[in-house]
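One structure is given below, encoded as C-alpha cells.
So that the names make sense, note that chain A is the first sequence line, chain B the second, and so on, each numbered from 1.
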There are 2 protein chains.
Amino acid sequence: MAKLPRLKKENLYEKVAEEIRDFIINNELKPGDRLPTERELVEQLGVSRSSVREGLRKLEILGILEVRPKEGITVKSQDIDVQPMVEKFTYRYKTNDVSFFELLEAREAIEEIIVKLAAQRANEEDLAEMRRWLNKMEEKFERGEYLASEDLKFHQAILAASKNAVLMEFGAILEEFFQETILAGSKASREQGPRRRTLEEHKELYESIKNKDAKRAIRVMRKHLEAIRDAVFQEDNGEDKVAEIEK
Amino acid sequence: MAKLPRLKKENLYEKVAEEIRDFIINNELKPGDRLPTERELVEQLGVSRSSVREGLRKLEILGILEVRPKEGITVKSQDIDVQPMVEKFTYRYKTNDVSFFELLEAREAIEEIIVKLAAQRANEEDLAEMRRWLNKMEEKFERGEYLASEDLKFHQAILAASKNAVLMEFGAILEEFFQETILAGSKASREQGPRRRTLEEHKELYESIKNKDAKRAIRVMRKHLEAIRDAVFQEDNGEDKVAEIEK
DNA sequence: TCGTTTATAAAGGTCTGACCATAATATAAG
DNA sequence: CTTATATTATGGTCAGACCTTTATAAACGA
C-alpha cells in the first residue's frame, strides 16, 4: 500500500501567530503601529512566554512584524523583506536542490514581465528614481568604485515601476540572490570592461522604459541578463554549474 | 535630514539557524536525515534551549527542517512547502497591501511561462501524472462531487513538468493562494456549468502539452484563468475587488 | 510461537520565573 | 535650557521543571 504522509499537529505557537495576525487584520493596524508587549500577550492569550515568542518569531520571519528591544513589537511595512526567501533559495542552491540554470531562467522570465509592465506603467516618480541610481552609478564608475549596490537599487526601481507587488517580491528575491550568492566576488563586477557595458545597458534600459518601448526594454533586459550568465559561466567556479545543467 | 533605518542586531537564534543550516550543507545531509536532538544541540552550541528552539523554528518555517515529537529533527524534502508564503500573501491581501488584480496578474504571467516550459519539457511520467488527475476529475464530476483538490493536483503536475523548481515554487504559492482564499466557497467551484467548462479546459491544456504545442497551451491557460477571473468578479464580494483595481 | 496488550523511555512541547542588556525616558545637576 | 545621570520597561537569554505523545520494548495471553 502506498503510504500517506503523516500529518503534523499544529503547535501552540502557530495558533499564537494566527491570533496575532488576525488581530492586525481585524483592527486594521498599519505599518509602524505597536502591538502589546510580550508579557501582555502572555496574559491576554493565556499561554507561556516561549509560545508567544515562537509565534512572534514566525510573524517576524514572514515579514509581518518587526520585533526590537525597547521599540516593542510593531507592524512591518511590506515589500522590503525578501531576506528569508533569499536565504531559502541560497540553501536550496547550495544543496543542489535548484541549479544555477533554474534560478537564472526564472529570473529572466520574471524580469521580462516586470520590465514590460514597467515600460507600460512607469510614472515620473519611478523614472526619477531610476535616473537617480543611474547617476550614482556614473559617478562611482568615474571614480572606479564598485557599482553593485546602485545596480541593485536601479533594478528595484524598475520593480517598483511595474506596480505589481507580487512580481516585485519574486523579482527582488531573485535579484538579491544573484547579488549575494552569484555576483559577490565575481570578476565581472570588478573589471572595468564589463562594468562599462553594464552601465550602458542600464542607460538603454532606462531609455526604453522612459519611451514606453516595452519590446525594446525586454530585448535590452534579455541581453543584460545574458551578459551576467556569460560572466558567471566563464569563471572558474562556473565549470560545475555548466555540468549541473547538462544532467 | 533624511533618516537612515535603524539596523537590527542579529539575535542568537539567527546564529543558531545559520549554524544548523551550514551543518546540513557541509555534511551533505539529505532529506530525511536526522539532526541531533534539541538537547544535544543545546550542549553542542552552548546556548539555551529557547534559542535553539527559535532557531529551529526559523528553519522549519523556511521549509528546511521538519520538527516532530519522537521523530526528531529531520531535513525536509524540498519543493512542497509553500504554506508560509501563502500565509504571507493571504495576510498582505487581507490588509489591502496587494490587490486581487496584482495576484491574478502575477499568476497569469507565471503560469504562462510554466505552461510554455511544460509543453517543451514534459516527459511521459509528467503526462501520466496529469492524465491521472484528469481522470479523477472526470470520475468525480460524474458523481457530482467537488473537484478542487484534483484541480490543484493537475496544476501542480504541470508545474513539475516545467522542470524549474523556482518557477514551480512561485506558481505553487499563487495556485494555493487562489485555491484557499479566493475560490474556497466560491459559487464557481460548486455549480455544474462552470465545472464542466473547467474540466474541458483542463483536457485541452493536457492535449496541448502532450502535443508540445506551447502556443496553444498558453492560449488555453490564459482562457482558463480568465474564466476564474470572471467567476470571482461576478460574485458579491467581487465588487470591492473591482473598486480596488480602479485606484 | 505469535499476536496483543501494557509499560517504558525519549523526543519535542509547554510552562515558570529568573536575570541580562539596552535604549527610551525621567530625573537631577550644571 | 542643556547636559549628565538614574530609572525602568522592553525584548533577549537562560535554567530547569513538567506535560504529551509515540516508538519501542517488555509482559502477557491465546
Side-chain angles (χ1 to χ4, degrees), chain A residues 3-21 23-24 29 31-76 81 84, chain B residues 3-21 23-24 29 31-76 81 84:
Chain A
K3 266 193 296 183
L4 289 161
R6 234 183 307 58
L7 292 179
K8 197 186 170 189
K9 240 167 276 164
E10 195 180 53
N11 286 345
L12 201 45
Y13 87 90
E14 296 272 5
K15 288 183 196 153
V16 169
E18 206 174 321
E19 214 60 56
I20 295 173
R21 196 196 52 202
F23 179 80
I24 296 172
L29 298 190
D33 285 356
R34 236 176 126 159
L35 272 77
T37 67
E38 282 187 1
R39 277 138 177 121
E40 283 168 341
L41 289 170
V42 165
E43 211 177 319
Q44 291 179 31
L45 294 166
V47 299
S48 76
R49 208 169 151 211
S50 13
S51 298
V52 167
R53 281 181 61 81
E54 288 183 22
L56 292 173
R57 221 87 273 179
K58 170 165 177 179
L59 296 177
E60 186 181 51
I61 292 163
L62 290 184
I64 291 176
L65 291 181
E66 194 143 339
V67 180
R68 41 193 355 157
K70 302 310 300 174
E71 204 107 324
I73 304 152
T74 52
V75 178
K76 187 161 182 172
D81 190 50
Chain B
K3 266 191 295 183
L4 288 161
R6 238 188 313 21
L7 293 178
K8 198 185 170 190
K9 239 166 279 164
E10 195 179 52
N11 285 346
L12 203 45
Y13 87 89
E14 296 272 5
K15 289 183 195 153
V16 169
E18 206 174 322
E19 213 60 56
I20 295 173
R21 195 198 52 200
F23 179 81
I24 296 172
L29 299 189
D33 286 355
R34 245 179 116 157
L35 271 77
T37 67
E38 282 187 2
R39 276 131 176 130
E40 284 168 341
L41 289 170
V42 165
E43 212 177 320
Q44 291 179 31
L45 294 167
V47 298
S48 75
R49 205 165 154 217
S50 11
S51 298
V52 167
R53 280 181 62 81
E54 289 183 21
L56 291 173
R57 220 87 276 175
K58 170 164 178 180
L59 297 177
E60 184 182 51
I61 291 162
L62 290 184
I64 291 175
L65 292 181
E66 194 141 31
V67 180
R68 40 196 349 158
K70 298 309 301 173
E71 206 105 325
I73 304 152
T74 52
V75 177
K76 187 161 183 172
D81 190 51

Original post:
With sugar-phosphate meaning primed atoms plus P, OP1 and OP2, does A:S50 contact a base, only sugar-phosphate, or nothing at under 4.0 Å between heavy atoms?
Top reply: base

**OP:** Establish, with yes or no, whether the OP1 or OP2 oxygen of D:dC14 is under 4.0 angstrom from a side-chain nitrogen or oxygen of B:S51.
**Re:** yes

Original post:
Could you give the NZ-to-P distance, from A:K8 to C:dA11, as a whole number of Å?
Top reply: 17 Å

Original post:
Counting just side-chain N and O atoms, does B:R53 come under 4.0 Å of either OP1 or OP2 of C:dC15?
Top reply: no

**OP:** Can you tell me the distance, in whole Å, between the CZ atom of A:R57 and the P atom of D:dT13?
**Re:** 8 Å

Subject >> Candidates B:E43, B:E54, B:E38 - the one meeting salt bridge (Lys or Arg N to Asp or Glu O under 4.0 Å) with B:R49 >> reply: B:E38

**OP:** Let me know the distance between OH of B:Y13 and P of D:dG11, rounded to the nearest Å.
**Re:** 14 Å

**OP:** Would you check if the side chain of A:R34 reaches a backbone N or O of A:E71 as a donor-acceptor pair within less than 3.5 Å?
**Re:** yes

**OP:** Indicate for each nucleotide in nucleotides 18-26 of chain D, in 5' to 3' sequence, whether protein heavy atoms under 4.0 Å reach the base (B), only the sugar-phosphate (S), or nothing (-).
**Re:** B--BB----

Subject >> Nearest non-hydrogen partners of A:K58 and A:A17, listed with the distance >> reply: CD-CB, 4.1 Å

Original post:
Given atom CZ of B:R34 and atom C1' of C:dA11, what is their separation to the nearest angstrom?
Top reply: 8 Å

**OP:** Round to a whole Å and report the spacing from CG of B:L45 to P of D:dT13.
**Re:** 13 Å

Original post:
Given atom CZ of A:R68 and atom C1' of C:dA21, what is their separation to the nearest angstrom?
Top reply: 16 Å

Original post:
For C:dT14, does OP1 or OP2 lie under 4.0 Å from any side-chain N or O of A:S48?
Top reply: no

Subject >> Partners passing salt bridge (Lys or Arg N to Asp or Glu O under 4.0 Å) against B:E66 (at least two apart in sequence or in another chain) >> reply: B:R68

Subject >> Interatomic distance, B:L12 CG vs D:dA15 P [rounded to whole Å] >> reply: 11 Å

Original post:
Is it true that B:E60 and A:K8 make a salt bridge, defined as a side-chain N closer than 4.0 Å to a carboxylate O?
Top reply: yes

Original post:
Can you tell me how far CG of B:L45 sits from CG of B:L12, rounded to the nearest 0.5 angstrom?
Top reply: 9.0 Å

Original post:
With a 4.5 Å heavy-atom cut-off, do A:L41 and A:I73 have their side chains touching?
Top reply: yes

Subject >> d(CD, B:E38; P, C:dT14) in whole Å >> reply: 11 Å

